[in-house]
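Everything below concerns the one structure shown next.
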2 protein chains.
Amino acid sequence: MKDIIARLKENGVTLTPQRMAVTEFLSRSRNHPTVDEIHRNIQRRYPTMSVATVYSTLKLLKELGEIQELSIRKRGKACFDPNPGLHHHLLCRKCGKILDIDFNHPSNCPIMAKESIDGCKVEEVQAYLYGICPECLKKESDKKG
Amino acid sequence: MKDIIARLKENGVTLTPQRMAVTEFLSRSRNHPTVDEIHRNIQRRYPTMSVATVYSTLKLLKELGEIQELSIRKRGKACFDPNPGLHHHLLCRKCGKILDIDFNHPSNCPIMAKESIDGCKVEEVQAYLYGICPECLKKESDKKG
DNA sequence: ATCTATATTTATAATGATTATAAATTAAGA
DNA sequence: TCTTAATTTATAATCATTATAAATATAGAT
């Protein structure tokens, strides 16, 4: 958190209150929020905060490699991850939540270790797992008794 | 191709010329076409073909498990794969093409073999690789001589 | 601290993919 | 062939995202 702010400064990024708010909120988040989720939350404190600024700040952070935008979407909306590093994601089919799957790469995932497959140069891998999260699994087993 | 038409019939699907056209075109395709790519191609023969029908037919085929919609998009547009089975995809960063990566699962991909990870039940895995396709690699090396 | 040039934010409109709607057409079964 | 239900079509509506331009805030120099 401190680190990211420091790095932004180093990169000559103007640290406006709005940018700080977006950065802090996303850094603390664990649920891969969408633009409007970020916007709604920040608006409680900064009523004049506009969506356009959320979009532009996320774009900036993405370009600087500080965050990542996922390839899967929550109900058609882009979602963001404060961790730009390589890891996988599980989308829960019951509750729609997206969970980080820390995959201890590349030891467990040979795709990540390979530099080429089928004659293609591989630079990055994003895996999306579809299934049921622990919370929803628990609910299911509780129901059954 | 014959199979899919037969299965549609078995499922009581009305086989209109429009549905046949979409199904045939997608079945023959190798480049994960978008809705408008499918639409433009079919319109050459059926000038009255509407996009709405393309959307509805794709939705139908998807629900019947005959095709799949990818989680990654070409310039913001959904793209479709005539093969509903589990396989991975590589998005070429140079030309934007999406290639199938036949991964001979699950021998090469332990994620596919696992039924649970981090307490999550895993039902399906989609991996998206980002890199350079063989064609673009060749162009690069040709340039360098 | 003040001024000035530049960058950022904001509100608004524009874009573009997808979905909804309702009338027109077509298919299926009697 | 006739009738009913399903499908297609054209059109409008929706919704996320991007573009625009005026208003505001920032940074650096004085």
Side-chain angles (χ1 to χ4, degrees), chain A residues 5-6 8-26 32-64 66-80 96 98, chain B residues 5 8-26 32-64 67-80 96 98:
Chain A
I5 299 293
L8 293 176
K9 249 184 202 148
E10 276 171 35
N11 279 302
V13 172
T14 311
L15 286 174
T16 64
Q18 292 93 334
R19 283 177 177 171
M20 292 281 278
V22 172
T23 306
E24 282 175 16
F25 178 79
L26 184 56
H32 308 87
T34 62
V35 168
D36 58 288
E37 281 166 359
I38 297 171
H39 181 233
R40 268 201 304 275
N41 265 279
I42 295 177
Q43 251 193 347
R44 293 187 203 148
R45 299 193 185 173
Y46 296 87
T48 68
M49 184 79 183
S50 81
V51 256
T53 303
V54 177
Y55 274 105
S56 84
T57 304
L58 291 171
K59 193 182 169 200
L60 182 71
L61 294 173
K62 212 170 67 174
E63 283 166 356
L64 292 169
E66 294 290 348
I67 66 169
Q68 66 175 304
E69 179 179 346
L70 304 187
S71 295
I72 43 173
R73 325 190 116 220
K74 280 192 210 164
R75 272 187 285 110
K77 294 175 206 167
C79 26
F80 295 85
I98 297 174
Chain B
I5 299 292
L8 294 177
K9 247 182 204 151
E10 276 171 35
N11 278 302
V13 172
T14 311
L15 286 173
T16 64
Q18 292 92 333
R19 284 177 175 170
M20 292 282 277
V22 171
T23 306
E24 283 176 15
F25 178 79
L26 185 56
H32 307 88
T34 62
V35 169
D36 58 287
E37 281 166 359
I38 297 170
H39 181 233
R40 268 201 306 275
N41 265 279
I42 294 175
Q43 252 194 347
R44 294 187 202 146
R45 298 194 185 172
Y46 297 87
T48 70
M49 183 80 184
S50 81
V51 258
T53 302
V54 177
Y55 274 104
S56 84
T57 303
L58 291 171
K59 192 181 170 202
L60 182 72
L61 294 174
K62 212 168 67 173
E63 283 165 358
L64 292 169
I67 65 170
Q68 67 176 303
E69 179 179 346
L70 304 188
S71 294
I72 43 173
R73 324 189 117 219
K74 281 192 209 164
R75 273 186 282 113
K77 294 175 206 166
C79 25
F80 295 84
I98 296 174

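As a basis for the values below, the full set of heavy atoms in this structure was taken, side chains included, without hydrogen atoms, waters or symmetry mates. Protein chains get the first letters and strands the later ones, always in sequence-line order, with residue 1 at the start of each.
- Picking from D:dT8, C:dA27, D:dT17 the nucleotide with the shortest atom distance to the side chain of B:Thr53 gives D:dT8.
- What you find for A:Cys79 and A:Arg73 is that their closest heavy atoms are SG-CA, 4.1 Å.
- Close to D:dT26, at under 4.0 Å from its OP1 or OP2, lies no side-chain N or O of A:Thr14.
- We find that NZ of A:Lys59 is positioned 7 Å from P of D:dA19, with the value rounded to whole Å.
- A:Val54 has its side chain within reach of A:Met49: a pair of non-hydrogen atoms, C-beta onward, lies under 4.5 Å apart.
- A sub-4.0 Å separation between OP1 or OP2 of C:dT9 and a side-chain N or O of A:Thr16 is present.
- Closest contact between the side chain of A:Arg19 and the listed nucleotides D:dT17, C:dA27, C:dT9 involves C:dT9.
- Counting only heavy atoms from C-beta outward, the side chains of A:Leu26 and A:Leu58 approach each other to under 4.5 Å.
- Within the 4.0 angstrom heavy-atom criterion, only backbone atoms of the sugar-phosphate kind lie near A:Thr48; the bases stay farther away.
- Per the geometry, NZ belonging to A:Lys62 stands 12 Å off C1' belonging to D:dT18, to the nearest Å.
- Ion pair B:Lys77/B:Glu37 not flagged as a salt bridge, since none of the NZ, NE, NH1 or NH2 atoms sits closer than 4.0 Å to an Asp/Glu carboxylate oxygen.
- For A:Tyr55, taking side-chain heavy atoms from C-beta onward, the closest of the listed nucleotides D:dA16, D:dA27, C:dT9 is D:dA16.
- Of the residues near DNA chain C, A:Thr57 and B:Cys79, the one whose nearest nucleotide (by heavy atom distance) lies more toward the 5' end is A:Thr57.
- Between A:Thr16 and A:Thr53, every side-chain heavy-atom pair lies at or beyond the 4.5 Å cut-off.
- A residue-by-residue look at A:Asp36 and A:Ala52 shows that A:Asp36 has its nearest nucleotide of DNA chain D further toward the 5' end.
- Atom CD in B:Glu63 sits about 11 Å away from atom P in C:dT19, given to the nearest Å.
- Between the CZ atom of B:Arg75 and the C1' atom of C:dT18 there is a distance of 17 Å, given to the nearest Å.
- Here the C1' atom of nucleotide D:dA16 and the CZ atom of A:Phe80 are 11 Å apart, to the nearest Å.
- Rounding to whole angstrom units, CG of residue B:Leu8 and P of C:dA28 are separated by 13 Å.
- To the nearest angstrom, P of C:dA17 lies 15 Å from CG of B:Leu58.
- For the pair B:Val13 and A:Val13, both in contact range of DNA chain C, the more 5′-proximal nearest nucleotide belongs to A:Val13.
- As a whole-Å value, the separation of B:Lys74 NZ from C:dG16 P is 18 Å.
- No contact: B:Pro47 has no heavy atom under 4.0 Å from any strand.
- Taking side-chain N and O atoms only, B:Gln18 has no distance below 4.0 Å to OP1 or OP2 of C:dT26.
- A sub-4.0 Å separation between OP1 or OP2 of D:dT17 and a side-chain N or O of A:Arg73 is present.
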